[in-house]
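What follows is a short report on a single structure.
Here the structure is a predicted model, which is why all the values come from computation and not from measurement. Computed from heavy atoms alone, side chains included, the values below leave out hydrogens, waters and symmetry copies.
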Amino acid sequence: MDKLKIRALLVICAAALIVMASAGTANADDDWKSLKQESKRMKIDEMAKETLDSLFSENAKAKELYENSYGWAVFDNLKIALGFSGGGGNGVASVKGAESKTYMKMGTAGVGLGLGANKYQVVFLFQDSKTYDQFVNSGWQADAGATASAGTSAAEVKTDFVNGLAIYQITEKGLMANADIADTKYWKDDKLN
């Protein structure tokens, strides 16, 4: 082989190595993103299980409604108020007994007096497939009058399905009575699904 052919072969080999190296970097980046997303899904699943266990231990009526529900969703939220309020969080929804899950996000905003941060979980129980599918596939926005009702105490529970939903809000202090969830929107998380 003459020197020109050897140089051409070396250039082709070098170009092939560069292409393979950049493909390896792209695959490593994709693998890292996938691992990070799986870790986030696992954390959300763990939070949902702990929240449901806590709710059912505090509230026999919630456990009864869960037993009669089609599906559920649990969200972990952080709301901050400094004259106006805003917040966000993540959650998961599932048909009861199903393996598949839909990972979701939530966001809230409002205006009013307030100063501080509030971390809480919201549990939705869905009475039927229509209500569940609409929540998961179309998203849901709580109107101005939406509340998560648990009666005046965990022992005196008056909740039931209203318009196909039963909603509970849990803080560090436990189940809240008539907690405000107004101006909150829920939607699918495209990155985690």
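- The two atoms that bring Thr102 and Tyr132 nearest to each other are OG1-OH, 4.4 Å, heavy atoms only.
- Across all non-hydrogen atoms, the minimal contact from Lys96 to Glu67 is NZ-O, 2.6 Å.
- Of all heavy-atom pairs between Leu125 and Ala62, the closest is CD1-O, 3.7 Å.
- Side-chain contact check for Met47 versus Gln121: some heavy-atom pair is nearer than 4.5 Å.
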Test salt bridge (Lys or Arg N to Asp or Glu O under 4.0 Å) on Lys49 and Glu46; report intermediate values, then the result. CA-CA 5 Å; Lys49 182 184 179 327; Glu46 184 178 329; over 6 Å; no
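- Rounding to the nearest 0.5 angstrom, the gap separating the CD atom in Gln169 from the OG1 atom in Thr51 is 11.5 Å.
- Once rounded to the nearest 0.5 Å, the distance linking OG1 of Thr108 with CD1 of Ile80 reads 12.0 Å.
- Counting heavy atoms from C-beta on, the side chains of Gln37 and Lys191 come closer than 4.5 Å.
- Inter-residue side-chain proximity for Ile170 and Tyr120 is flagged as unmet; no heavy-atom pair is nearer than 4.5 Å.
- For Asn137 and Lys188, the side-chain atoms include at least one donor-acceptor pair closer than 3.5 Å.
- Here the straight-line distance linking atom CD1 of Ile44 with atom NZ of Lys40 works out to 6.0 Å at 0.5 Å rounding.
- In this structure, the side chains of Leu165 and Gln127 stay at 4.5 Å or more apart for every pair of heavy atoms.
- Listed by first and then second residue, the salt bridge (charged side-chain N to carboxylate O under 4.0 Å, His left out) pairs involving residues 122-136 amount to none (not counting sequence neighbours).
- Two residues are said to be in side-chain contact when any heavy atoms from C-beta on lie closer than 4.5 Å; Lys119 and Asn77 fail this criterion.
- Residues Asn68 and Glu64 meet the side-chain proximity criterion, which asks for heavy atoms closer than 4.5 Å.
- When side chains are defined from C-beta on, Trp72 does not count as touching Val123, because their heavy atoms never get closer than 4.5 Å.
- Contact detail for Ala93 and Val136: the closest heavy-atom pair is CB-CG2, 3.8 Å.
- The minimum heavy-atom distance linking Phe75 with Lys105 is given by the pair CE2-O, 3.9 Å.
- Glu50 CD to Asp45 CG: the interatomic distance, rounded to the nearest 0.5 Å, is 11.5 Å.
- In the hydrophobic cluster analysis, where Ile, Leu, Val, Met, Phe, Trp and Tyr join through side-chain heavy atoms closer than 4.5 angstrom, Trp187 is grouped apart from Ile167.
- For Ser57 (side chain) and Ser54 (main-chain N/O), a donor-acceptor pair under 3.5 Å exists by modelled atom type.
- Tyr66 approaches Ser69 most closely through the heavy-atom pair O-OG, 2.7 Å.
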Phe124 and Tyr186: ring pair (Phe, Tyr, Trp, His ring centres under 6.0 Å), yes or no, with the steps? CA-CA 11 Å; Phe124 292 87; Tyr186 300 85; 5.0 Å; yes
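- Of the inter-residue distances, the one linking Asn118 atom CG with Lys79 atom NZ reads 7.5 Å to the nearest 0.5 angstrom.
- Taking 4.5 Å as the limit, every side-chain heavy atom of Tyr168 sits out of range of all side-chain heavy atoms of Val122.
- Between the CD atom of Glu38 and the CG atom of Leu192 there is a distance of 9.5 Å, given to the nearest 0.5 Å.
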The test is side chain to side chain contact (heavy atoms under 4.5 Å, CB included); show your working for Thr131 and Trp140 and say whether it passes. CA-CA 10 Å; Thr131 306; Trp140 186 72; over 6 Å; no
